[in-house]
Number of protein chains: 2
Amino acid sequence: MKDCTQCIIRNRAVCVGLETDELAVLGRLGRKQKFSKGQTIFWEGDDAVVVANVIEGVLKVSMSMSDGREQIVGIVFSSDFIGRPFGQQSLHSVTALTDAELCIFSRSTFNNFARQHPELEHKLLRRTLNELDRAHEWMLRLGKKTATERIATLLLEMSVRLGETGCTVDNGALDAFELPLDRQQIGDVLGLTIETVSRQLSRLKADGVIHLPDRRTVAIRDRARLQYLSAAA
Amino acid sequence: MKDCTQCIIRNRAVCVGLETDELAVLGRLGRKQKFSKGQTIFWEGDDAVVVANVIEGVLKVSMSMSDGREQIVGIVFSSDFIGRPFGQQSLHSVTALTDAELCIFSRSTFNNFARQHPELEHKLLRRTLNELDRAHEWMLRLGKKTATERIATLLLEMSVRLGETGCTVDNGALDAFELPLDRQQIGDVLGLTIETVSRQLSRLKADGVIHLPDRRTVAIRDRARLQYLSAAA
DNA sequence: CGATGTCTTGAGTCCCGTCAATGCACGTGG
DNA sequence: CCACGTGCATTGACGGGACTCAAGACATCG
């Protein structure tokens, strides 16, 4: 990596707040790498050898059971951080849902650098606390919500998070967007089967709440109603 | 707080690693406070004004929806940390499941102290990462597991975590323990109704996997089978 | 134009939720 | 000591929402 100061996620990733010279050091420790849609960055159970910043793209974080059931426990976007610093094994896999570009560090290298740069650890802490909040909200969804509520909640969240991925901070929720997930993956996020997902989406479409121009595209036609259906806490 | 060096969670809480003099400063910033079973430390939606270490007791971390549905998103034990540093609002409530004693700090005071003590922030980061791992495992449970699997998993986890609460690190899983949760709360952890919980427990008892001497006590008679039923990932 | 993978739709089933009654432990007061 | 009330927990009957199984529609690509 030649010049982190020009990085498009410079102001949003964990590296924000580092001095120019520190950034230069960090830059020399990492490398950029591209992954294509469907590629897995690392597997559940692997020794957690790498951590990374997401420069571009959308990736899923997932866990699975021995019989093959899979749960997606997180979706990460541009400027998010992946991997498990200060740990031995990663409990989850990370897979690219779209073509993606990452800024990769070996875990031990990153650990060492982080321990010498409290500002970086602080940013990482804040980020992890936010992730924990989000995980808790997902647990509420999975534990207590109906299929319709789950779908509505996910659509709203995707419209917000996909809207955030631009460089500015304050661009609002999108009314139309392309889902980076197929039906199976939506099911794996929400704890539903592919058929239930499909039926729920069809119903929302029939009710005029959303429009589905093609398999991957969602257009929100009645955001207020979708919000109501999501039973927002 | 007079003397943190004598604290029973001295070697397990986030304060581990602080020098004696730093510990003395931190000690003056906090105060010990007792809560009785059922008392709520802070509410979801409140301004997050306090954070705390759990000295003694078991507490639940929960979120709820406007219509009253409640999901327990975490259970915390002795030496765990509660509250939301570096945030404005707490997204969850924390309530004592047993009589408990906490070491409480105002959030802003703690934030300031933490920012000046990277070692403390580091410990907090590790702890938060562990919590995130645990949250992910819970998501897998809630999203993909059957009622039987969820109950079995919870019983095993409780047997382990209740076994850890002693001062030494390496005491193993307990074969008999008192649940700090009533049936409703078990349901709120697992995303099940009270009746389903009851039926599942009765069935495990009838099958000889566990024994239920009284409402709150669980004795594991066949751990291997319980492990099998939990469909451990 | 088939071949393939993904999505949708339908029919039937089952697990869990709902509603309701009963059981059990504990406490209080007659 | 027993009658009674209260709070949980258990158990049963029933219904519904999501899963399962299976077929059909649709798009993409060779």
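Proteins come first, then strands; the chains are lettered A, B, ... in the order of their sequence lines, and each starts at number 1.
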(message) Tell me whether B:R141 is salt-bridged to B:E157, with the criterion being a basic N under 4.0 Å from an acidic carboxylate O.
(response) yes
(request) Scan nucleotides 6-16 of chain C nucleotide by nucleotide, 5' to 3', and note B when protein non-hydrogen atoms come under 4.0 Å of the base, S if they reach only the sugar-phosphate, - if neither. (result) BSBBBB----S
(request) Could I get the full list of salt bridge (Lys or Arg N to Asp or Glu O under 4.0 Å) partners for A:D175, not counting sequence neighbours? (result) A:R223
(message) Just to verify, what does B:D99 make a salt bridge (Lys or Arg N to Asp or Glu O under 4.0 Å) with, not counting sequence neighbours?
(response) none
(message) Give the residues of residues 68-75 of chain A touching DNA chain D, defined as any heavy atom closer than 4.0 Å, sorted by residue number.
(response) none
(request) Kindly write out the residues that satisfy salt bridge (Lys or Arg N to Asp or Glu O under 4.0 Å) with A:D182, not counting sequence neighbours, or none if the list is empty. (result) none
(message) Run the side-chain contact (heavy atoms from CB on, under 4.5 Å) test against B:R10 and tell me which residues pass, sequence neighbours left out.
(response) B:C7, B:L23
(request) Any pair with a residue in residues 196-209 of chain A that passes salt bridge (charged side-chain N to carboxylate O under 4.0 Å, His left out), sequence neighbours left out, goes on the list, sorted by first then second residue, please. (result) A:R203-A:D207
(request) Return the set of residues passing side chain to side chain donor-acceptor pair (under 3.5 Å) with B:T217 (not counting sequence neighbours), or none when no residue passes. (result) B:D214
(message) For a 4.0 angstrom threshold against heavy atoms of chain B, report the outermost contacting nucleotides of DNA chain D in 5' to 3' order.
(response) D:dG7 to D:dA13
(request) Only counting residues at least two apart or in another chain, list the ones meeting salt bridge (Lys or Arg N to Asp or Glu O under 4.0 Å) with B:R84. (result) A:D133
(request) Would you list the pairs meeting salt bridge (charged side-chain N to carboxylate O under 4.0 Å, His left out) in which at least one residue belongs to residues 67-82 of chain A, sequence neighbours left out? (result) A:K60-A:E70, A:D67-A:R69, A:R69-B:E149, A:D80-A:R127, A:D80-A:R161
(message) List the residues meeting ring pair (Phe, Tyr, Trp, His ring centres under 6.0 Å) with A:F81, not counting sequence neighbours, and say none if there are none.
(response) A:F110
